[in-house]
Participant: 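Submitted below is the structure of interest, expressed as structure tokens.
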Amino acid sequence: MKMNFRLKIGLAILVIFTMGSFLLPLFNDVDPSQQGTYFKNLPISSDHLLGTNTQGQDIFWYLVYSVRNSLILGVGVSIFTTLISAFLGLSAGYIGGWYDRFVMVLTDSVISIPSFPILIVLGTLVRGNTNFFILGLILVIFGWAWGARTVRSMALSIRENEFINTSRFSGSSNLEIIFQEIFPYTFAYMVVGFINSILFVINTEAALAVIGLSKVEVPTLGSILFWALNYNAMFIGQYMWIVAPVVATVILFLGLFLTSTGYNQMFSTRRGHA
Amino acid sequence: MGLIQYISSRVGAYLIVLFVGITITFFLPRLMPSDPIEGYIAQMQNQAGQSMNPETIRELRASLRKLYGLEGTLIEQYVDYLERIILRFDFGPSLASYPRPVSEFIFNSLPWTLGLLGTSLVISWVIGNLIGLVAGFYHNSRWATFLETLGVILYPIPYYILALVLILLFAYIWPIFPLSTTIMPGDFSWEKINSIIYNSFLPALTLVLAGFGWNILGMKALSFANKEEGYVTFARLKGTPSRTIMFGYVFRNSILPQITALALSIGGIFNGALLTEILFSYPGLGLLMRTAIGSGDFNLLYGTIIMSIVSVATAALIIDLIYPLLDPRIRYR
């Protein structure tokens, strides 16, 4: 299998971000969210690659920890959303009937109900005693639906193939057919769905954090912007505090998006259709 | 599936979504460990310097429970809640600016959200789909590659990043637009309309740009696939002009899945609009939600959330009902 251009770029970005954010903290023993560690408003130098902010925090190290925490949250939540959407999508598509209709009503409701306001309520109600675990749980509730919808429609069309009948007549159970015959065909999409879900999770957490409704004490790609806005970074000319996380977010998201579309492209050329 | 069946199935789905949404907003806060009323009482006691006696607190708790609709069993509360919202559209009084009803606040800010979202949605959908059509139809040219790259770069950028970049560029570094929205109250006049457009420009631009990537990429893939169909080759061999093929053949067939996709993603677009409003202090539902959280006004918060669900579901229903006008297969079957 030959990797296409998109996949190469995307994977390169992801590898750099993952390696950087997980390995670099090994060489650092200062808590980046500790205030007053360094002098305030230092310019860019070899000691402080992106300078320091008005709280005396090193912007570069804060950013490194932010990327790491956002990635951990994204991957952790996405494992669960992918498992749920695979299970519901495959079973609904294969079993059909009332069960399928029930799952689809649930899926379409979760998709069409605007999740952000409900996340805001949950964020407000658990504020103060939120931890990352509860936040992740909430994100799982809203993250599985798109994937389930796509997997279900794939399972629905695979079910019509002759080899499914062959398998059934040779005595396979429903569970065996789902996992041995249908699942391999949907696996490539699940990888794509998994990466898309990481993007969704990081984005949603960051969006909540930017308006102060996540656990803003934990450095993430959203909370770094929340503090920058909170201390009027733009107004006092501390542009690096805003620009650095913005650029990092854009590149990371581009990397995730290119990986998912590139991977999808690679598999659709192999399958012979999109 | 006939037209009547199509419409009734859509309306049915609409009612189900509304019901599920209202039910979720009823049960979620009641499943949470923290009690907003106790929090509110603790806050009042702090302000009163712990000087309230237990009798007053008991009365306060009782009247607060009544205002929140927390009397009786869970089932009674639920039935009462459904009745109040569906039949009377009553979300109770606002608790921060008692006794003004929540619905009054909602109807003041709803037009702002709908105006901003509606305008930017139409602009971004029309222009984005045209760009996608050109990029897919002339996919070999250098311009098409450029347009597609634009879509790929814009697609994954989240709303809050676009909003912050626009604020940074056009309100700080090159201050030609206002930092946050300030619109003078008063009657409608040219000046007021001008000021609304001036103040809404950056938030609208955020929403338009955010919608571009999705529209461009979706349309590009569809028109690229449809271009290879047999009827397009036939039209070309017949000597149909290229422009007619592009709009009359490829566009007409590619636009239908794009409409279905729009109906499904309107919830996500609405989420982005709420966030954009908060970041620009734009006086719509999003900002109202933020205010409600800031002042601990739970009646107002739930009112705005139910209103969001109703607006999104209604918008999706309207799009679904427009669909048969464009798809003759549903009309004539």
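So you know, we letter chains A, B, ... as the sequences are listed, proteins then strands, and number each from 1.
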Participant: If you measure from CG on B:Asn271 to OG1 on A:Thr204, what distance do you get to the nearest 0.5 Å?
Facilitator: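 Going from the CG atom of B:Asn271 to the OG1 atom of A:Thr204 covers 8.0 Å.
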Participant: Look up atom CG in A:Asn203 and atom OH in B:Tyr159, then write down how far apart they are to the nearest 0.5 Å.
Facilitator: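 Between atom CG of A:Asn203 and atom OH of B:Tyr159 there are 9.5 Å.
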Participant: Can you tell me how far the CD1 atom of B:Ile305 sits from the CZ atom of A:Phe116, to the nearest 0.5 Å?
Facilitator: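 Rounded to the nearest 0.5 Å, the CD1-CZ separation comes to 11.0 Å.
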Participant: Decide if atom CZ of A:Phe102 counts as having more than 12 heavy atoms of other residues, nucleotides or ligands within a radius under 6.0 Å.
Facilitator: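 No, because the 6.0 Å sphere around CZ of A:Phe102 holds 12 heavy atoms or fewer from other groups.
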Participant: Is it the backbone or the side chain of B:Val312 that comes under 4.5 Å from a heavy atom of chain A, or both, or neither?
Facilitator: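 Answer is side chain: those atoms of B:Val312 sit under 4.5 Å from chain A.
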Participant: When only pairs under 4.5 Å are counted, which of B:Ile278, B:Leu168, B:Ile266, B:Thr25 shares the most heavy-atom pairs with chain A?
Facilitator: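 It is B:Leu168.
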Participant: Around atom CZ of A:Phe80, are there more than 12 heavy atoms from other residues, nucleotides or ligands closer than 6.0 Å?
Facilitator: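 For A:Phe80, atom CZ is not crowded (no more than 12 foreign heavy atoms under 6.0 Å).
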Participant: For residues A:Leu254 and B:Ile153, report the shortest heavy-atom separation together with the two atoms involved.
Facilitator: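 Distance-wise, the nearest heavy atoms are CD1-CA, 3.9 Å.
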Participant: Shorter than 4.5 Å, heavy atoms on both sides: which option in B:Ile157, B:Leu275, B:Leu18 has the most such pairs with chain A?
Facilitator: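 Between B:Ile157, B:Leu275, B:Leu18, the count favours B:Leu275.
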Participant: Let's test your reading of the structure: which of A:Val110, A:Leu208, A:Thr249 forms the most heavy-atom pairs below 4.5 Å with chain B?
Facilitator: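 Between A:Val110, A:Leu208, A:Thr249, the count favours A:Thr249.
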Participant: Please output the residues of residues 211-219 of chain B in contact with chain A, using a heavy-atom cutoff of under 4.5 Å, in numerical order.
Facilitator: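 Within residues 211-219 of chain B, the residues under 4.5 Å from chain A are B:Leu217.
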Participant: Output the option from B:Ile269, B:Ile173, B:Val20 having the highest count of non-hydrogen pairs under 4.5 Å with chain A.
Facilitator: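 Looking at each of B:Ile269, B:Ile173, B:Val20 in turn, B:Val20 comes out on top.
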Participant: Nearest 0.5 Å, please: how far is CG in A:Leu258 from OH in B:Tyr155?
Facilitator: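 Going from OH on B:Tyr155 over to CG on A:Leu258, the span is 12.0 Å.
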Participant: Can you tell me which portion of A:Leu229 sits under 4.5 Å from chain B's heavy atoms? Options are side chain, backbone, both or neither.
Facilitator: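 The answer is the side chain of A:Leu229.
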Participant: Measuring heavy-atom distances to chain A, does B:Ile24 have an atom under 4.5 Å in its side chain, in its backbone, in both, or in neither?
Facilitator: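 For B:Ile24, the side chain is the part near chain A, not the backbone.
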Participant: Measure A:Leu225 against the heavy atoms of chain B and call it side chain, backbone, both or neither at under 4.5 Å.
Facilitator: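 The answer is the side chain of A:Leu225.
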Participant: Does any backbone or side-chain atom of A:Val250 lie under 4.5 Å from a heavy atom of chain B? Answer side chain, backbone, both or neither.
Facilitator: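 Side chain only.
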Participant: Using non-hydrogen atoms only, which part of B:Leu279 is less than 4.5 Å away from chain A: side chain, backbone, both, or neither?
Facilitator: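 Answer is side chain: those atoms of B:Leu279 sit under 4.5 Å from chain A.
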Participant: Tell me, for B:Phe19 versus chain A, whether the close heavy atoms (under 4.5 Å) come from the side chain, the backbone, both or neither.
Facilitator: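 Neither part; nothing is under 4.5 Å.
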Participant: So which atom in B:Gly267 and which in A:Pro114 form the shortest heavy-atom distance, rounded to 0.1 Å?
Facilitator: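 Smallest heavy-atom distance, with atoms named: O-CB, 4.1 Å.
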Participant: So which of B:Ala13, B:Pro158, B:Ala263 has the biggest tally of heavy-atom pairs under 4.5 Å with chain A?
Facilitator: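 With the most close heavy-atom pairs to chain A, the winner is B:Pro158.
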Participant: Less than 4.5 Å to any heavy atom of chain B: does that hold for the side chain of A:Ser115, its backbone, both, or neither?
Facilitator: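 For A:Ser115, heavy atoms of backbone and side chain both lie under 4.5 Å from chain B.
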Participant: Any idea which heavy atoms bring B:Pro156 and A:Phe253 closest together, and the distance?
Facilitator: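 For B:Pro156 and A:Phe253, the tightest heavy-atom pair comes out as O-CD2, 3.1 Å.
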Participant: Given the options B:Leu264, B:Leu301, B:Leu274, which has more heavy-atom pairs under 4.5 Å with chain A than any of the others?
Facilitator: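 Heavy-atom pair counts peak at B:Leu264.
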Participant: Working to the nearest 0.5 Å, report the span between CE of B:Met289 and CD1 of A:Ile211.
Facilitator: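 Output value for this atom pair is 9.5 Å.
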